[in-house]
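Only one structure is covered here, and it is reproduced in the block below.
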Amino acid sequence: MALFDVVRFNGLRSKEWLIYKYPTEDIVLGSQLIVQEGQLAIFIRHGAICDVFYPGTYTMRTENLPVLNSIVKLPFGGKAPISAEIYFVNTTTMLEINWGTSDPIQLIDPKYYVKLRVRAFGQIGVKVLDAPMLFRELIGGMPQSDIVKISKIREYFRGLLVMKVKTAIADAIITNGISALEISAHMERISAKVKEQIVEEFSRYGFYIANFYIQSINFPDEDFAKINKILEDKAAFEIMGEQRYAAKRSFDIYEGAATNKNGVAGAFAAGGVGLGAAMGMGSAMSQQVGNPAAANPGKGKECPNCHKSVSASMKFCPECGTDLREKRCECGQVLTPGTKFCPECGKKVI
């Protein structure tokens with residue numbers, strides 16, 4: 001095997017490397033070791049860490065290989081070959097490590113009571129601070145290869161990241177009552193909480209966390225459509241008022257009877273209207289059809305409160321101010337003034 005006079009590693013174009021194993025274990029004593037900025041070199045023999053070299057240029061002598069020298073009893077001076085594995089470690093800050101939840105977080109929105117499938121995506125930046133610890137705790141247990149890529153570390157820690165993120169998001173939504181629609185405003189706080197929880201776990205393997213971000217928290221369009229429908233109904237309720245909104249909902253249900261396979265009966269069932277109420281509505285309609293006077297009362301009418309005769313077109317009594325407008329229950333029954341409960345369906349009159 002060839003002997004090398006200069007040992008160096010110029011990096012990879014992709015920059016997606018964490019550990020690089022030098023291609024030979026036979027190094028000439030007296031050769032130069034060049035460690036570039038953003039790297040450090042580790043000498044390993046029989047699986048044990050011998051010596052660590054930081055950025056700079058070194059001449060391989062017995063005095064700067066104290067641990068390796070004590071193991072193999074290297075001769076002083078000369079050009080004798082030495083045998084050791086040399087690993088270069090990337091010590092730059094790796095900022096663009098992306099992560100995401102492969103499985104959604106299923107929970108109930110505390111504000112709209114809709115079941116949501118929440119996903120989260122983000123980025124983490126790490127830096128190797130303790131290379132010997134990294135080798136002892138992590139790299140030594142990985143399948144041997146010439147290059148350990150950053151993606152390998154992402155895969156190793158992905159389970160931890162996802163678990164902590166899911167817990168933090170669920171806690172924010174459920175415990176703190178934050179709606180999924182409003183959680184974007186809390187991402188910075190949630191990110192800080194997750195980072196605090198994973199710092200210790202990463203430091204056990206020699207890593208420092210430079211940053212951690214949750215970039216987006218989202219859920220499928222069909223889940224959002226459910227919440228959007230609730231918001232639309234709420235807006236209609238606030239604009240129209242309770243009685244008009246209830247009437248509109250009833251008309252919407254009855255309007256759909258034409259496309260309902262059960263016909264009008266299906267529409268009444270969908271609207272929660274009982275058979276008795278439906279018959280009452282039919283009776284009222286037939287009375288109006290059979291009795292034109294009922295549908296078109298005379299020129300005048302009597303105030304039920306002061307009994308003053310007033311014009312049929314008046315909505316309020318000019319004498320006492322009583323509301324003279326005809327009121328109907330949701331079931332269609334005509335209500336006389338002062339009625340508190342519908343005589344047909346029993347519903348309380350508002």
Side-chain angles (χ1 to χ4, degrees), residues 1-97 124-157 202-210:
M1 185 176 290
L3 302 178
F4 287 77
D5 292 328
V6 178
V7 177
R8 69 184 298 169
F9 173 55
N10 293 324
L12 300 176
R13 286 185 178 181
S14 67
K15 299 182 181 180
E16 284 291 315
W17 68 281
L18 179 65
I19 308 292
Y20 173 79
K21 182 181 179 182
Y22 199 69
T24 181
E25 297 180 13
D26 293 329
I27 310 299
V28 178
L29 191 65
S31 62
Q32 279 193 332
L33 170 67
I34 301 175
V35 182
Q36 302 188 55
E37 289 291 341
Q39 301 178 355
L40 59 80
I42 297 179
F43 279 55
I44 294 180
R45 183 176 173 82
H46 298 320
I49 297 175
C50 297
D51 299 290
V52 180
F53 294 87
Y54 295 89
T57 300
Y58 305 86
T59 300
M60 295 292 94
R61 303 181 186 280
T62 54
E63 57 265 28
N64 57 23
L65 293 168
V67 178
L68 187 60
N69 182 38
S70 66
I71 294 176
V72 299
K73 303 298 181 184
L74 297 175
F76 181 82
K79 292 286 185 177
I82 58 177
S83 181
E85 296 177 354
I86 302 178
Y87 290 88
F88 288 88
V89 182
N90 187 348
T91 59
T92 61
T93 303
M94 294 160 274
L95 296 174
E96 298 182 357
I97 303 179
I124 184 172
V126 299
K127 178 182 176 68
V128 176
L129 281 188
D130 192 333
M133 181 179 291
L134 175 64
F135 265 85
R136 288 193 211 88
E137 300 295 332
L138 189 60
I139 304 302
M142 288 185 173
Q144 293 299 311
S145 62
D146 294 338
I147 299 175
V148 176
K149 294 186 176 181
I150 296 173
S151 58
K152 203 74 175 178
I153 303 303
R154 181 174 59 244
E155 291 173 9
Y156 189 87
F157 287 104
F202 273 77
S203 65
R204 285 178 50 199
Y205 298 96
F207 287 107
Y208 161 75
I209 297 181

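Residues take their numbers from the sequence shown, with the count starting at 1. Worth knowing before you read on, the calculation uses all heavy atoms, side chains too, and leaves out hydrogens, waters and symmetry mates.
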> Hey, are the side chains of Y205 and V126 touching, using non-hydrogen atoms and a 4.5 Å cut-off?
Replying inline: no
>> To the nearest 0.5 Å, what is the distance between CD1 on I44 and CZ on F135?
In response: 4.5 Å
>> Return the CG to CD1 distance between L134 and I19, rounded to the nearest 0.5 Å.
In response: 5.0 Å
> Shortest non-hydrogen contact from I42 to A131?
Replying inline: CD1-CB, 3.6 Å
>> Give me the atom names and distance for the closest heavy-atom approach of T93 to A210.
In response: CG2-CB, 3.6 Å
> Hey, what do you get for CZ (R8) to OG1 (T57), rounding to the nearest 0.5 Å?
Replying inline: 8.0 Å
> With respect to F53, which candidate in F88, Y87, Y58 satisfies the ring pair (Phe, Tyr, Trp, His ring centres under 6.0 Å) definition?
Replying inline: Y58
> Does the pair I153 and I97 meet the rule for a side-chain contact (heavy atoms from CB on, under 4.5 Å), with working shown?
Replying inline: CA-CA 9 Å; I153 303 303; I97 303 179; 5.9 Å; no
> Could you give the distance from CD (E16) to CD (E96), rounded to the nearest 0.5 Å?
Replying inline: 8.5 Å
>> Restricting to side-chain contact (heavy atoms from CB on, under 4.5 Å), what partner residues turn up for L12, sequence neighbours left out?
In response: F9, S14, W17, I147
> Can I124 and F207 be said to form a side-chain contact (heavy atoms from CB on, under 4.5 Å), step by step?
Replying inline: CA-CA 12 Å; I124 184 172; F207 287 107; over 6 Å; no
>> So which atom in D5 and which in S31 form the shortest heavy-atom distance, rounded to 0.1 Å?
In response: O-CB, 2.7 Å
> Can you name the nearest heavy-atom pair linking Q39 to V35, along with the distance?
Replying inline: O-CG1, 3.6 Å
>> In the structure I gave you, are the side-chain heavy atoms of F202 and L129 within less than 4.5 Å of one another anywhere?
In response: no
>> Using every non-hydrogen atom in the two residues, find where N90 and V128 come nearest and quote the distance to one decimal.
In response: O-CG2, 3.7 Å
> At their closest point, which heavy atom of G206 faces which heavy atom of M133, and how far apart are they?
Replying inline: N-SD, 3.7 Å
> Around atom CD of E155, are there more than 12 heavy atoms of other residues, nucleotides or ligands at under 6.0 Å?
Replying inline: yes
> Does atom NZ of K127 have more than 12 heavy-atom neighbours from other groups under 6.0 Å away?
Replying inline: yes
>> Between T91 and Y54, is the side-chain contact (heavy atoms from CB on, under 4.5 Å) condition met? List the steps.
In response: CA-CA 10 Å; T91 59; Y54 295 89; over 6 Å; no
> Taking it one step at a time, do M94 and L18 satisfy side-chain contact (heavy atoms from CB on, under 4.5 Å)?
Replying inline: CA-CA 9 Å; M94 294 160 274; L18 179 65; 3.7 Å; yes
> Got a second to check how far E137's CD is from R204's CZ, nearest 0.5 Å?
Replying inline: 7.0 Å
